[in-house]
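Everything on this sheet refers to the single structure shown next.
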Amino acid sequence: MTDSPPAHQLPAGLATPCLVVDLEVVDRNIERLAGETRDRGVALRPHIKTHKSVALARMQLEAGASGITVGTVGEAEVMAAGGIDDIFIAYPVWAEGARAKRIAALHRSVVLSVGIDSVDGAERLARATAGSDRPLTVLVEVDSGNRRTGIAEPAEVARVARAARDAGLSVAGVFTHGGHSYASPEARAPAAADEVATLGAAADGLRSDGFEVERISAGSTPTGSLAAAGQVNEIRPGTYLLGDYQQFVLGAVPADGLALVVAATVVSSAVPGQVVVDAGAKALTKDRAPFLDRFGYLPAYPEAVIERLADYHGMVAIPDGTPAPTLGEIVAIVPNHVCPLVDLFDTFVAMRGGTVVGEWPVDARGRSG
């Protein structure tokens with residue numbers, strides 16, 4: 001991390017707290033990663049859980065993305081209703097009850113692929129989509145070090161893939177999420193190497209078992225194009241589009257790549273050495289990585305530290321001798337972790353060149369299941 005995030009120009013007349021997205025920065029972020037993946041001959045399938053916006057997803061697709069990634073059936077349904085027709089649910093969906101019927105409906109309407117990491121999960125997906133005019137496509141999730149979901153042993157990957165094939169599913173390949181890249185700035189490159197090595201071993205194991213491996217998919221913003229190596233032919237980052245303070249400190253997003261801020265008003269300066277803004281936990285979340293010392297960054301006041309949050313209050317410490325925002329001033333806050341934060345808002349203010357171009361919906365807000 002070399003440069004500090006620049007101060008953000010905010011449009012006038014904002015009702016705070018609100019989200020403001022600079023589309024010029026979005027354009028730059030889209031083209032930066034699209035260019036890197038084009039140069040490497042790797043498909044880009046961005047994860048839309050970060051922005052949950054049909055309009056922003058379309059911008060990514062228009063710039064060459066091969067499709068989109070989602071984390072839930074609900075997100076997939078919203079994107080499909082918005083006209084997006086190539087969707088990967090990168091999650092081991094447990095297809096029972098109403099969710100099984102929803103998966104079947106999606107499979108009929110779009111090019112759908114779904115993650116699996118167990119025989120039982122695969123068999124439920126097969127039952128949910130039985131009778132379709134084509135088999136459901138699945139990818140087996142492998143664990144490259146995040147210890148969340150996914151299979152660690154190549155032999156077990158092959159066993160699950162065989163069971164999926166025997167149940168009538170089409171096994172297209174393998175995927176992973178290098179989430180351990182979030183541990184520290186030094187973790188990015190080793191985590192990317194883990195993704196590449198683990199996916200390569202899993203793909204080799206499937207080929208030796210008679211599978212044609214079409215997609216070998218890595219995914220996280222910190223590993224980003226670092227994981228577009230070896231046998232990997234698809235990456236699925238999400239946060240790169242909007243950026244956040246965590247990604248900036250990790251070195252995964254440049255200073256000029258922070259497209260989203262929370263606009264907040266200073267509502268109190270009653271306590272010496274402190275101001276309070278109207279963005280609290282219900283606007284910023286309480287997400288703070290161990291390597292961060294604040295609940296968001298104020299680019300116009302870099303010495304100020306958001307050190308405490310209540311539901312509707314953000315307490316900002318002002319060190320002695322440093323500038324402070326004034327009562328009634330609207331400030332821009334770069335959030336720590338943009339993904340859960342966006343889901344707290346119905347809309348965001350879209351601007352270009354300092355001018356508001358519209359209030360756009362967070363289409364998939366609340367679609368967590």
Side-chain angles (χ1 to χ4, degrees), residues 33 36-47 65-71 86-93 111-119 121-123 125-126 135-181 188-238:
L33 193 55
E36 290 178 6
T37 53
R38 279 195 302 268
D39 291 345
R40 293 171 184 243
V42 171
L44 174 60
R45 183 181 288 272
H47 208 309
S66 62
I68 64 167
T69 303
V70 301
D86 191 332
I87 301 172
F88 174 37
I89 306 177
Y91 196 88
V93 175
V111 177
L112 182 68
S113 50
V114 182
I116 59 172
D117 75 349
S118 69
V119 171
E123 290 175 344
L125 285 170
L136 175 68
T137 296
V138 294
L139 281 78
V140 183
E141 184 174 9
V142 299
D143 178 13
S144 56
N146 194 38
R147 304 295 183 265
R148 188 176 68 179
T149 50
I151 304 166
E153 295 299 324
E156 180 66 9
V157 172
R159 187 180 78 86
V160 170
R162 285 194 302 271
R165 180 180 59 193
D166 292 347
L169 301 173
S170 174
V171 179
V174 289
F175 76 104
T176 194
H177 169 60
H180 53 310
S181 60
R188 292 175 58 217
D194 289 343
E195 286 185 298
V196 173
T198 303
L199 286 169
D204 288 342
L206 288 186
R207 288 193 195 94
S208 68
D209 217 26
F211 288 90
E212 291 185 14
V213 183
E214 300 169 7
R215 286 166 58 187
I216 304 171
S217 182
S220 84
T221 289
T223 58
S225 61
L226 295 173
Q231 296 188 47
V232 172
N233 59 15
E234 176 181 280
I235 61 170
R236 311 180 322 277

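Within the 4.5 Å cutoff, the side chain of D117 has no heavy atoms near those of the V140 side chain. In this structure, P46 and L33 have side chains that are not in contact, with every pair of non-hydrogen atoms separated by 4.5 Å or more.
With rounding to the nearest 0.5 Å, the separation of CG in L169 from OG1 in T137 is 9.0 Å.
A donor-acceptor pair under 3.5 Å is absent between the side-chain atoms of T223 and the main chain of L226, judged by distance alone. With hydrogens and angles disregarded, a donor-acceptor distance shorter than 3.5 Å links the side chain of H180 to the backbone of S144. Checked by atom type and distance alone, the side chain of R45 never pairs as donor or acceptor with a backbone atom of T69 at under 3.5 Å. Using modelled atom types, one side-chain atom of R236 and one backbone atom of S217 make a donor-acceptor pair closer than 3.5 Å. The main-chain N or O of E214 is found under 3.5 Å from a side-chain atom of N233 such that the two form a donor-acceptor pair.
Judged by distance alone, the side chains of Q231 and D204 do bring a donor and an acceptor atom under 3.5 Å apart. E195 and T176 are not linked by any side-chain donor-acceptor pair at a separation below 3.5 angstrom, with hydrogens and angles left out of the test. For the 3.5 Å distance criterion, the side chains of S113 and R215 qualify, holding a donor opposite an acceptor.
Figure legend: R162 and F211 shown without cation-pi pairing, the cationic atom not lying both under 6.0 angstrom from the six-membered ring centre and within 45 degrees of its axis.
A203 and V174 get closest at one heavy-atom pair: N-CG2, 4.4 Å. The two residues S225 and E36 come nearest to each other via the heavy atoms OG-OE1, 2.8 Å.
Residues satisfying the side-chain hydrogen bond (donor to acceptor under 3.5 Å, both in side chains) criterion with T221, sequence neighbours excluded, are absent altogether.
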